[in-house]
Amino acid sequence: DAGVIQSPRHEVTEMGQEVTLRCKPISGHNSLFWYRQTMMRGLELLIYFNNNVPIDDSGMPEDRFSAKMPNASFSTLKIQPSEPRDSAVYFCASSPRDYGYTFGSGTRLTVV
Amino acid sequence: RKEVEQDPGPFNVPEGATVAFNCTYSNSASQSFFWYRQDCRKEPKLLMSVYSSGNEDGRFTAQLNRASQYISLLIRDSKLSDSATYLCVVNNADKLIFGTGTRLQVFP
C-alpha cells in the first residue's frame with residue numbers, strides 16, 4: 001500500500017496566485033481530512049469528507065479556501081488568492097470506517 | 001480555551017530516564033483518545049490509543065481520567081530515538097482534534 005499521497009511536496013508561490021494541493025487517500029478509506037500545521041497554531045482541521053461528501057468545513061479559514069472530492073481516490077484543496085499568512089504545512093489524512101488516521105507526507109506551502 | 005492543551009516543553013532528558021507528558025481536554029463528550037508522534041518535518045503517526053483502564057505498549061503507558069478530563073503518557077527507559085513531538089489527540093464527533101504537542105529531546 002502506497003499510503004496517502006500528497007502533491008506537491010513543496011510549493012513556493014507569489015501572493016495573489018492560485019494554489020492547488022492534491023491528495024490521493026488510501027484505497028478503501030471512506031473518510032478524508034485536510035489539516036494545516038503552523039508553529040503558532042499546531043494542527044488545525046480545515047475540512048473533512050465522508051464517502052466523498054463534505055461533512056464539516058467549519059475549519060476553513062475563509063472564502064479563499066475551497067476543497068473538493070470528486071471521487072473516492074482524489075481530493076484537492078485550493079487557495080485563491082493566496083496570501084503570505086497561508087504559509088504552512090498542509091496535511092491530508094484518510095481513515096477507514098473505524099478510526100485510524102493515516103497522514104500523507106504533507107505539502108509545505110510558502111507564499112511570498 | 002483550546003480544546004486540547006499540552007505543555008509545549010521542551011523536555012530534555014538523559015537516556016534511560018522516565019518522562020511523563022500530560023494533556024487536558026475541554027469537551028466532556030469526547031469519545032476516544034490517542035497519542036501521536038511527529039518527527040521533525042514529518043507527518044504525525046499514531047503511537048497508541050488511550051483507554052479508560054490505562055494501557056501499556058512496551059515502554060509506553062497511557063492513562064485517561066475522564067472525570068478530570070486528563071490524559072497522560074509515560075515513557076520509561078528513554079531512547080535517543082524517542083526524541084520527537086508527542087501530540088495528544090481527542091476524537092470529537094468523528095473529528096480528531098490535536099494538541100499543539102510536547103517536544104521531547106533525549107540526550108546521551
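We use all heavy atoms of the structure for the numbers below, so side chains are in, but hydrogens, waters and symmetry mates are not. Chain letters run A, B, ... following the sequence lines, proteins first and then strands; every chain starts at 1.
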Residues, nucleotides or ligands: over 12 heavy atoms within 6.0 Å of [X] [atom1]:
X	atom1	value
Gln63(B)	CD	no
Arg37(B)	CZ	yes
Arg41(A)	CZ	no
Asn71(A)	CG	yes
Glu14(A)	CD	no

Using non-hydrogen atoms and a 4.5 Å limit, figure out which bit of Glu44(A) sits close to chain B: side chain, backbone, both or neither.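 No part of Glu44(A) comes within 4.5 Å of chain B.
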
What part of Arg108(A) gets closer than 4.5 Å to chain B, counting heavy atoms only: side chain, backbone, both or neither?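 Contact with chain B involves the side chain of Arg108(A) alone.
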
Locate the shortest heavy-atom distance separating Gln38(B) from Phe91(A); write the atom from each residue and the value.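 Taking every non-hydrogen atom into account, NE2-CZ, 3.8 Å.
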
Remaining members of Leu21(A)'s ILVMFWY cluster at a side-chain heavy-atom cut-off under 4.5 Å?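 Cluster partners of Leu21(A): Met15(A), Val19(A), Leu32(A), Trp34(A), Leu46(A), Ile47(A), Phe49(A), Met60(A), Phe65(A), Met69(A), Leu77(A), Ile79(A), Tyr90(A), Leu109(A), Val111(A).
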
Quick check: Tyr101(A) with Tyr36(B) (ring centres under 6.0 Å apart)?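 No, ring centres 6.0 Å or more apart.
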
Run the ring-centre check on Phe98(B) versus Phe103(A) and record whether the distance is less than 6.0 Å.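 Yes.
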
How about Lys95(B) and Asp56(A): do any of their side-chain heavy atoms sit closer than 4.5 Å?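 Contact flag for Lys95(B)/Asp56(A) side chains = yes.
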
Heavy-atom distance under 4.5 Å between the side chains of Leu45(A) and Leu96(B), does that happen here?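 Leu45(A) vs Leu96(B): side chains apart.
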
Chain A neighbours within residues 67-78 of chain B, where any heavy atom lies under 4.5 Å away: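 If one takes a 4.5 Å heavy-atom cut-off, no residue of residues 67-78 of chain B lies near chain A.
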
Side-chain heavy atoms nearer than 4.5 Å, only ILVMFWY residues, links allowed to pass through others: does that put [X] and [Y] together?
X	Y	result
Phe60(B)	Leu64(B)	yes
Tyr86(B)	Val19(B)	yes
Met39(A)	Leu43(A)	no

